[in-house]
Amino acid sequence: MKRRTFSAAVGALAFASRPSFAQDKPPVIRIGFPGAGTGGRPLIGGSYIANSHHLRAIDEEFKADGIRIEWKFFPGAGPALNESLANGLVDFGFGHGDLPVLVGRSTGLKHKVIASSGRGGDSYFVVPAASSAKTLAELKGKRIATFKGTAAQLTLNRWFEKFGLSDKDFRVISLDGDSTLAALSTGDIDGTVRAPFDLEARGVARRIHEIVDDPNITRPGTVWVADAFEGKYPQLVQRLVTRLVKVAHWSSQEANRERQYQLWATSGTPYLDYKVAWDKTRDLRDRQNPLLDEYYVSSIQKSIEEVKRYKLVRRDVSIDGWIEPKYLQNALKELKLEDFWPQEDANGQVKVPGRKLA
């Protein structure tokens, strides 16, 4: 009787000590994008992280494990992605802009920065085609549209500051991308920051200012993982980051440039906007860059100073313990890509050039 009891106890202990399926791997990985295509379609463009969805790269990575990838696209952009994380509904954020990711950090959302989602590019201020304005100063007191709470709002504030102005000089209203396009067409707004090429081709709007690849205007996007997910599944986080780096490498190849434009245009943003804007980038590695280098860290720190100066957050924000580079470093080492992308200094100047494409 004692032997049977002892054997049963040992068996129960051994069973309890074996990790469960839920601990080994989740049934689903939930990835959130702070945006959606035209009309809310579940597609975006303009980055290597967008390519990770178009190419189904993450799905393929975990297919053999029986893990389903759930892609979530939020027309409410960065603030909606924050809300979803707060409610435990997403595990990763792909391409979160600086303002909403800092707002989330300030309110106590728990996530780790694991990669940059890209950087650089030109910025344009446009007005309706019928507008007589030739400078931003001429629009003082007029209706300027931006999507408040998103990175676009912070970019607009930088535009104002660059020209010696502030948001108090205008009537700044909040509109999403689709609504902004409609308002430009009807003349219900007097200006906004956005790509002008298709709008100009159709006679809807025209640019009055253009800022060429200024790191003081643009900021890199962020890829993060929820602390709860990372704590349970660090091996899966590593696999996902490694696959993202593979996609970033594919996206940096000149041979794949045209293919990307075509993929991105399925989001509803015109092919022309992508082609004209991105053809200015001679080396795709300059923008399809996942590195957490000096420039990324400095950019986030500058954004922290800006959100405080513009009074866009109520609490202090710190990056201490927030950026976790080990997954990216492991991926770069495994794929032998440590020197592939150019590293930039705090001012956005190339510090260590990437090696030439094979």
Please report the C-alpha distance between Glu161 and Tyr310 in whole Å, then the side-chain angles of each, then the deciding distance to 0.1 Å, and finally whether the side chain to side chain donor-acceptor pair (under 3.5 Å) criterion is met. CA-CA 11 Å; Glu161 195 166 77; Tyr310 300 141; 3.2 Å; yes
Steps toward side chain to side chain donor-acceptor pair (under 3.5 Å) verdict (Tyr296, Thr222): CA-CA 9 Å; Tyr296 177 86; Thr222 292; 2.6 Å; yes
With side-chain contact (heavy atoms from CB on, under 4.5 Å) as the criterion, how do Trp159 and His209 come out once you've worked through the C-alpha distance, each side chain's angles and the decisive distance to 0.1 Å? CA-CA 10 Å; Trp159 268 89; His209 293 294; 3.4 Å; yes
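By the 6.0 Å contact criterion, CD on Glu200 is enclosed, its count of non-hydrogen atoms from other residues, nucleotides or ligands being greater than 12. Heavy atoms from other residues, nucleotides or ligands lying under 6.0 Å from CZ of Arg314 number 12 at most. The 12-atom threshold is not exceeded at NZ of Lys142, counting heavy atoms of other residues, nucleotides or ligands nearer than 6.0 Å. For Lys280, the NZ atom counts as densely surrounded, since its 6.0 Å shell holds more than 12 non-hydrogen atoms of other residues, nucleotides or ligands.
Under a 3.5 Å cut-off, the side chain of Ser303 and the backbone N or O of Ser299 do form a donor-acceptor pair. With Ser52 contributing its side chain and Leu244 its backbone, the two residues share no donor-acceptor pair below 3.5 Å. A donor-acceptor distance shorter than 3.5 angstrom exists from the side chain of Asn289 to the backbone of Pro342, with no hydrogens or angles considered. Checked by atom type and distance alone, the side chain of Thr266 never pairs as donor or acceptor with a backbone atom of Gln262 at under 3.5 Å. Ser106 contributes a side-chain N or O that, together with a main-chain N or O of Val103, makes up a donor-acceptor pair within less than 3.5 Å. Panel note: side chain Asn330, backbone Tyr327; no donor-acceptor pair is recorded below 3.5 Å. Panel note: side chain Thr180, backbone Asp176; a donor-acceptor pair is recorded below 3.5 Å. Formation of a donor-acceptor pair under 3.5 Å by the Thr107 side chain with backbone atoms of Gly104 is found in this model. Panel note: side chain Arg219, backbone Thr155; no donor-acceptor pair is recorded below 3.5 Å.
Salt bridge present: Arg119 and Asp293 bring a charged side-chain N and a carboxylate O closer than 4.0 Å. A salt bridge between Arg158 and Asp214 is absent, with no side-chain N of the basic residue lying under 4.0 Å from a carboxylate O of the acidic one. We find that Glu254 and Arg257 are joined by a salt bridge, their nearest charged nitrogen and carboxylate oxygen being less than 4.0 Å apart.
The minimum heavy-atom distance between Val204 and Ser185, with the atom names listed, is CG1-OG, 3.5 Å. A pairwise comparison of heavy atoms in His96 and Val101 identifies ND1-CG2, 3.8 Å as the closest pair.
His53 and Phe94 have their aromatic ring centers separated by at least 6.0 angstrom.
Hydrophobic clustering (ILVMFWY, side-chain heavy atoms < 4.5 Å, transitive): Leu199 and Phe125 are in distinct clusters. Hydrophobic clustering keeps Val193 apart from Tyr124 (ILVMFWY residues linked when any side-chain heavy atoms are closer than 4.5 Å, directly or through intermediates). Follow the hydrophobic side-chain contacts under 4.5 Å out from Leu156 and you never reach Ile189; the two are in separate clusters.
Seen from the ring of Trp278, Arg287 counts as a face-on cation partner, given the 6.0 Å and 45° thresholds.
Ring pair His111/Trp322 is parallel by interplanar angle, where below 30° counts as parallel and above 60° as perpendicular.
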